[in-house]
There are 2 protein chains.
Amino acid sequence: MVDELDRKIISILQEDARLSYREIAKKVGVAVGTVYNRIKRLEEEGIIRGFAPKLDYAKLGYDLTTIIGVKAQGKRIIEIEREIAKDPHVACVYDVTGEYDIIVIAKFRGREDMNRFVKKLLRIDGVEKTYTHVAMDIVKEDLTLEV
Amino acid sequence: MVDELDRKIISILQEDARLSYREIAKKVGVAVGTVYNRIKRLEEEGIIRGFAPKLDYAKLGYDLTTIIGVKAQGKRIIEIEREIAKDPHVACVYDVTGEYDIIVIAKFRGREDMNRFVKKLLRIDGVEKTYTHVAMDIVKEDLTLEV
DNA sequence: GATGAAAGATGTGGCGG
DNA sequence: CCGCCACATCTTTCATC
């Protein structure tokens, strides 16, 4: 389903997703048409879900990043997760096992913005408690892994 | 530093970062050259750090996503974070205050792969303990926030 | 700062091998 | 998968406002 050539192409796109098909073809040593067809297939198969800029959110005003653990009632967990995921501050929502039931990564423009969000979380039916870790430093934040 | 036009352009790029400058220009109602210059400036200023494909990592073999809390000795924390960030399984490393000192988001190809990583963490000098949350479901995972 | 034009590069689809 | 073709579209620059 994904062969060596696909992986090479994806890997190049991870470095610069705005490279032309010709440049990519040159780098991997295949014909332009092949690169074009591979990328199109990878998009159709949903392996590539789209393309996005990597942004410096701190420079865009999001000076606060938080990792929030949520404990919630089993019956409502899926609904709660979906509701949380809708909030525009939220980057990630994981359904987990362990100390918490849900882990949320969210970014805010200042403390006020964050406090409002956490209070909103606690008002959701089924949410029992939350624990907020505030990031003092983002050492790495990039969903670009080796393929 | 970032005006309304910049935000509009960024917002469009977030939807599809491979759109042509022409298409973007059409959408925001300015000349092509303007869009071109704005995006170049945003890149130069480091607000846009590059472009990447959004990948379905599950389809690429990463079937296990984890959120790992790490407790470590204060003196060594920054070094430890950098070391963790180097591992190719690691997407995010946050220096946090709270229950843990470091929170790590990492993805693995199977339990073995994960176990090796956690054992490696525990062998790092200064790491006291770790707590691993395994994601049963990824409800949302997308560093694309409103600008 | 923004604009539109223009030259060369690229995207896109299709052909036979 | 390659090489080639062909037309439409795009990137990038720049003189001009």
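Here is the naming used below: chain letters follow the sequence lines, and residue numbers restart at 1 for every chain. Hydrogens, waters and symmetry mates play no part in the numbers below; they use all other heavy atoms, side chains included.
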- [ ] For residues B/F51 and B/R18, determine if any side-chain heavy atom of one lies less than 4.5 Å from a side-chain heavy atom of the other.
- [x] no

Task: Cationic N near anionic O, under 4.0 Å, A/E45 to A/R41 - done: yes

Open item on the list: Within the supplied structure, the quantity of interest is the number of heavy atoms (other residues, nucleotides, ligands) at a distance under 6.0 Å from B/L5 CG; does it exceed 12?
Closed with: yes

Open item on the list: If the cut-off is 4.0 Å, is A/K40 near the phosphate of C/dG13, judged by side-chain N/O to OP1 or OP2?
Closed with: yes

Task: Side-chain donor-acceptor contact under 3.5 Å, B/Y94 with B/E81 - done: no

Task: Interface with DNA chain C, restricted to residues 41-56 of chain A and to heavy atoms under 4.0 Å - done: none

Task: A/E112 CD: over 12 foreign heavy atoms closer than 6.0 Å - done: no

- [ ] Give a yes or no on whether a salt bridge exists between B/K27 and B/E15, defined as a side-chain N under 4.0 angstrom from a carboxylate O.
- [x] no

Open item on the list: Please determine whether residues A/I67 and A/V134 belong to a single hydrophobic cluster, defined as Ile, Leu, Val, Met, Phe, Trp and Tyr linked transitively by side-chain heavy-atom distances below 4.5 Å.
Closed with: no

- [ ] Would you kindly compare A/V32 and B/G33 by the position of their nearest DNA chain D nucleotide and give the one closer to the 5′ end?
- [x] A/V32

Task: Whole-Å distance separating the OH atom of B/Y36 from the P atom of C/dG4 - done: 18 Å

Open item on the list: Distance check needed: C/dT3 P versus B/N37 CG, whole Å only.
Closed with: 10 Å

TODO: Let me know which of A/F117, A/Y57, A/Y62 forms a ring-ring contact (aromatic ring centres under 6.0 Å, His included) with A/F108.
DONE: A/F117

Task: Positions of residues 11-26 of chain A (non-hydrogen atom under 4.0 Å from DNA chain C), listed by number - done: A/S20, A/Y21, A/R22

